[in-house]
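Inspection log for the structure reproduced underneath, given as structure tokens.
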Amino acid sequence: MEFADRITRVEPSATLAVSNLAKELEAEGEDVVDLSVGEPDFDTPENIVEASETSLERGDTGYAPSNGVPELREAIAAKLQGDGLDYEAGNVIVTPGAKQALFETFQTVVDEGDEVVLLDPAWVSYEAMAKMAGGDLTRVDLAEHDFQLEPALDDLADAVSDETTLLVVNSPNNPTGAVYSRAAMEGVRDLAVEHDITVISDEIYQHINYGAEHVSLAGLERMYERTVTINGFSKAYSMTGWRLGYLAAPDDIVAEAGKIQSHSVSSATHFVQYGGVEALENTETAVEEMVEAFSERREFLLDLLAEHGVEPATPEGAFYMMLPVDDDDQSWCTNALEDAHVATVPGSAFGAPGYARVSYANSKQRLAEAVERLDAEGYL
């Protein structure tokens, strides 16, 4: 059977591949410390669960409005306005996960042969989404700048042009944990305005931040009309399995992206959306407690690694860090999983060969076990 080019040019998700191998070892009875997962290890806050149960009890089990229930769109707009962004409820599409919001944006904006610029290391699915939309990739490497964008602005300026259709910016960043400075974001603004580039601002880790200033691109002068803001509930509210996210954009983009939503997933799950309202309005304390736990784990892991002479760039947000490893990072990760039973993700999957992404969304005990095993097997 012959398959469509849009599929054959895309590789399976590297993060899921690692997870699958880890699960195979666990099925064989091995104890695997899984530092590959991209989700909080906390339960969804109970008030969110209760709000969704209440929605179920009143019968919210039918189709929801395609772009989202009015209560959630209004709550999202209020949240964004609180961030200094000029979005109204009509500028919001609620999606089954932020990944779907990204997919719809790529499909709406990128045409065959259009240039898409990524900042490496970049989350694995950006490349796949760009290719499925027919885009051609240009990549800007931030690794030599400790994964920060500001010192790489000249490189970005060299990479973009009037032919660039889309630039993807993710801060706080997956896989590095970097938070891009205001000067970096203003540099992005200047280039986007100069070359009339649409920008995706992926802010899914916005609330998992350890003190750095969070700058939303759509709030900068002349960026509202050319920015699609992506966010969601998976990370900050520990709702990965609930599949709830959103995009916020100018009216024309919302109108076109809404076509994709209506003809693909139809809508986000009805009763889940009321859990989203509760998350935005009444869950600040639980989020703060989770972020504090991540901050403590970050410091704990950095100290453990320093004891073994390993000094990764300090992440300022999210719950990942990039561990410098062998040039053949894919073999390093595979062998570390098989020998030490510690699961990590090859940096090359993110456009950063020579690194492994580790997630510290795990207990201090398991983080210590992981470092001890890696050291014992000669991987540190």
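Numbering of residues begins at 1 and proceeds along the displayed sequence.
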>> Pair Glu213, Glu316 - check side chain to side chain contact (heavy atoms under 4.5 Å, CB included), show working.
In response: CA-CA 10 Å; Glu213 180 188 15; Glu316 299 171 304; over 6 Å; no
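- Under a cut-off of 6.0 angstrom, the local environment of CD in Glu221 is sparse, with at most 12 non-hydrogen atoms contributed by other residues, nucleotides or ligands.
- At most 12 heavy atoms of other shown residues, nucleotides or ligands fall within 6.0 angstrom of atom CG in Asp43.
- Nearest heavy-atom pair across Gly113 and Asp136 is O-OD2, 3.5 Å.
- Under the 4.5 Å side-chain heavy-atom criterion for Ile, Leu, Val, Met, Phe, Trp and Tyr, Tyr63 and Ile93 are members of distinct hydrophobic clusters.
- In the hydrophobic clustering of this structure, Val110 groups with Val228; members are Ile, Leu, Val, Met, Phe, Trp, Tyr whose side-chain heavy atoms approach within less than 4.5 Å, directly or through other members.
- The nearest pair of heavy atoms linking Thr138 to Glu115 is OG1-OE2, 2.7 Å.
- Aromatic pair Phe147/Tyr355: ring centres closer than 6.0 Å.
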>> Test side chain to side chain contact (heavy atoms under 4.5 Å, CB included) on Thr229 and Leu217; report intermediate values, then the result.
In response: CA-CA 8 Å; Thr229 301; Leu217 279 167; over 6 Å; no
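- With a 4.5 Å cut-off on side-chain heavy atoms, Pro353 and Gln330 do not count as touching.
- Counting only distance, with no hydrogens or angles, the side chain of Asp202 and the backbone of Ile204 share a donor-acceptor pair below 3.5 Å.
- Contact of the Thr95 side chain with the Val265 side chain is not registered, since no non-hydrogen atoms from C-beta on lie closer than 4.5 Å.
- Note on ring orientation: taking the six-membered ring where Trp is involved, the planes of Tyr224 and Tyr87 are tilted (angle from 30° to 60°).
- When side chains are defined from C-beta on, Leu166 counts as touching Ile200, because their heavy atoms get closer than 4.5 Å.
- Looking only at distances, no side-chain donor or acceptor of Lys99 sits under 3.5 Å from a matching main-chain atom of Ser125.
- Ring centers of Phe233 and Trp242: at least 6.0 Å apart, outside the cut-off.
- In this structure, the side chain of Ser181 engages the main chain of Ala184 through a donor-acceptor pair within 3.5 Å.
- Within the 4.5 Å cutoff, the side chain of Arg73 has no heavy atoms near those of the Pro70 side chain.
- Taking 4.0 Å as the cut-off between side-chain N and carboxylate O, Glu256 and Lys259 count as a salt-bridged pair.
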>> Could you walk me through whether Ser171 and Asn173 satisfy the side-chain hydrogen bond (donor to acceptor under 3.5 Å, both in side chains) test, starting with their C-alpha distance in whole Å, then the side-chain angles of each, then the deciding distance to 0.1 Å, before giving a yes or no?
In response: CA-CA 4 Å; Ser171 176; Asn173 180 265; over 6 Å; no
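- A salt bridge links Arg139 with Glu127: at least one charged nitrogen is closer than 4.0 Å to a carboxylate oxygen.
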> Under the side chain to side chain contact (heavy atoms under 4.5 Å, CB included) criterion, do Phe350 and Asp120 qualify, and how do the steps go?
Replying inline: CA-CA 7 Å; Phe350 306 96; Asp120 282 339; over 6 Å; no
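- Surrounding CG of Asp303 are more than 12 heavy atoms belonging to other residues, nucleotides or ligands, all under 6.0 Å away.
- Atom CD of Glu288 is surrounded by more than 12 heavy atoms from other residues, nucleotides or ligands within 6.0 Å.
- Using the six-membered ring where Trp is involved, Phe294 and Tyr360 have ring planes that are perpendicular, over 60° apart on the 30 and 60° scheme.
- Here the closest heavy-atom approach between residue Ala356 and residue Thr344 is recorded as CB-OG1, 3.9 Å.
- Below 30°, between 30° and 60°, or above 60°: for Tyr126 and Trp123 the angle between ring planes is above 60°, a perpendicular geometry.
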> Taking it one step at a time, do Asp83 and Ser216 satisfy side-chain hydrogen bond (donor to acceptor under 3.5 Å, both in side chains)?
Replying inline: CA-CA 8 Å; Asp83 293 340; Ser216 292; 5.0 Å; no
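- With hydrogens and angles disregarded, a donor-acceptor distance shorter than 3.5 Å links the side chain of Thr283 to the backbone of Ala279.
- Under the 3.5 Å distance criterion, with hydrogens and angles disregarded, no donor-acceptor pair is assigned to the side chains of His214 and Asn209.
- Contact of the Gln273 side chain with the Thr269 side chain is not registered, since no non-hydrogen atoms from C-beta on lie closer than 4.5 Å.
- Leu35 approaches Ala370 most closely through the heavy-atom pair CD1-CB, 3.7 Å.
- Val117 and Leu191 fall within a single hydrophobic cluster, where Ile, Leu, Val, Met, Phe, Trp and Tyr are joined by side-chain heavy atoms under 4.5 Å apart, directly or via other members.
- Checking side-chain atoms of Tyr274 against main-chain N and O of Leu72 turns up no donor-acceptor pair under 3.5 Å.
- For the pair Arg373 and Asp31, the salt-bridge criterion is met [side-chain N within less than 4.0 Å of a carboxylate O].
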> Could you walk me through whether Gln261 and Ser66 pass the side-chain hydrogen bond (donor to acceptor under 3.5 Å, both in side chains) check?
Replying inline: CA-CA 7 Å; Gln261 174 107 333; Ser66 185; 4.7 Å; no
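- Cation-pi contact between Arg357 and Tyr320: present, with separation from the ring centre below 6.0 Å and deviation from the ring axis of at most 45°.
- Crowding of Asp5 atom CG: a count of heavy atoms from other residues, nucleotides or ligands under 6.0 Å not exceeding 12.
- Listed for the Asn47 side chain is a donor-acceptor partner under 3.5 Å among the backbone atoms of Asn282.
- Ile253 and Leu80 are not part of a single hydrophobic cluster, where members link through side-chain heavy atoms under 4.5 Å apart.
- Here the side chain of Asp141 pairs a donor or acceptor atom with the backbone of Ala143 at under 3.5 angstrom.
- Enclosure of atom CD in Glu30 by more than 12 non-hydrogen atoms of other residues, nucleotides or ligands within 6.0 angstrom is indicated.
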> Passes salt bridge (charged side-chain N to carboxylate O under 4.0 Å, His left out), Lys23 versus Glu26? Steps please.
Replying inline: CA-CA 5 Å; Lys23 285 181 171 60; Glu26 289 174 334; 5.8 Å; no
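- Taking the side chain as every heavy atom from C-beta outward, Gln81 and Asp86 never approach each other to under 4.5 Å.
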>> Between Glu281 and Val277, is the side chain to side chain contact (heavy atoms under 4.5 Å, CB included) condition met? List the steps.
In response: CA-CA 6 Å; Glu281 295 181 347; Val277 175; 3.7 Å; yes
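- Arg182 places no side-chain N or O within 3.5 Å of a backbone atom of Val215 that could act as its donor or acceptor partner.
- Taking the side chain as every heavy atom from C-beta outward, Leu280 and Tyr237 approach each other to under 4.5 Å.
- A donor atom on one side chain and an acceptor atom on the other are not found under 3.5 Å apart for Tyr379 and Asn335.
- Taking a cutoff of 4.0 Å between a charged side-chain nitrogen and a carboxylate oxygen, Arg297 and Asp41 qualify as a salt bridge.
- Side chain of Asp327 to backbone of Gly354: no donor-acceptor contact under 3.5 angstrom is found.
- Side-chain contact between Glu203 and Ile230 is absent, with no heavy-atom pair separated by less than 4.5 Å.
- Heavy-atom neighbours of Glu225 CD from other residues, nucleotides or ligands within 6.0 Å: above the threshold of 12.
- A pairwise comparison of heavy atoms in Asp155 and Val140 identifies CB-CG1, 3.9 Å as the closest pair.
- Counting non-hydrogen atoms of neighbouring residues, nucleotides and ligands closer than 6.0 angstrom, the CZ atom of Arg9 exceeds 12 such neighbours.
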>> As a quick check of understanding, evaluate side-chain hydrogen bond (donor to acceptor under 3.5 Å, both in side chains) for Asn91 and Asp251, giving each step before the final call.
In response: CA-CA 6 Å; Asn91 298 114; Asp251 293 340; 2.8 Å; yes
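- The minimum heavy-atom distance between His270 and Thr61, with the atom names listed, is ND1-N, 4.5 Å.
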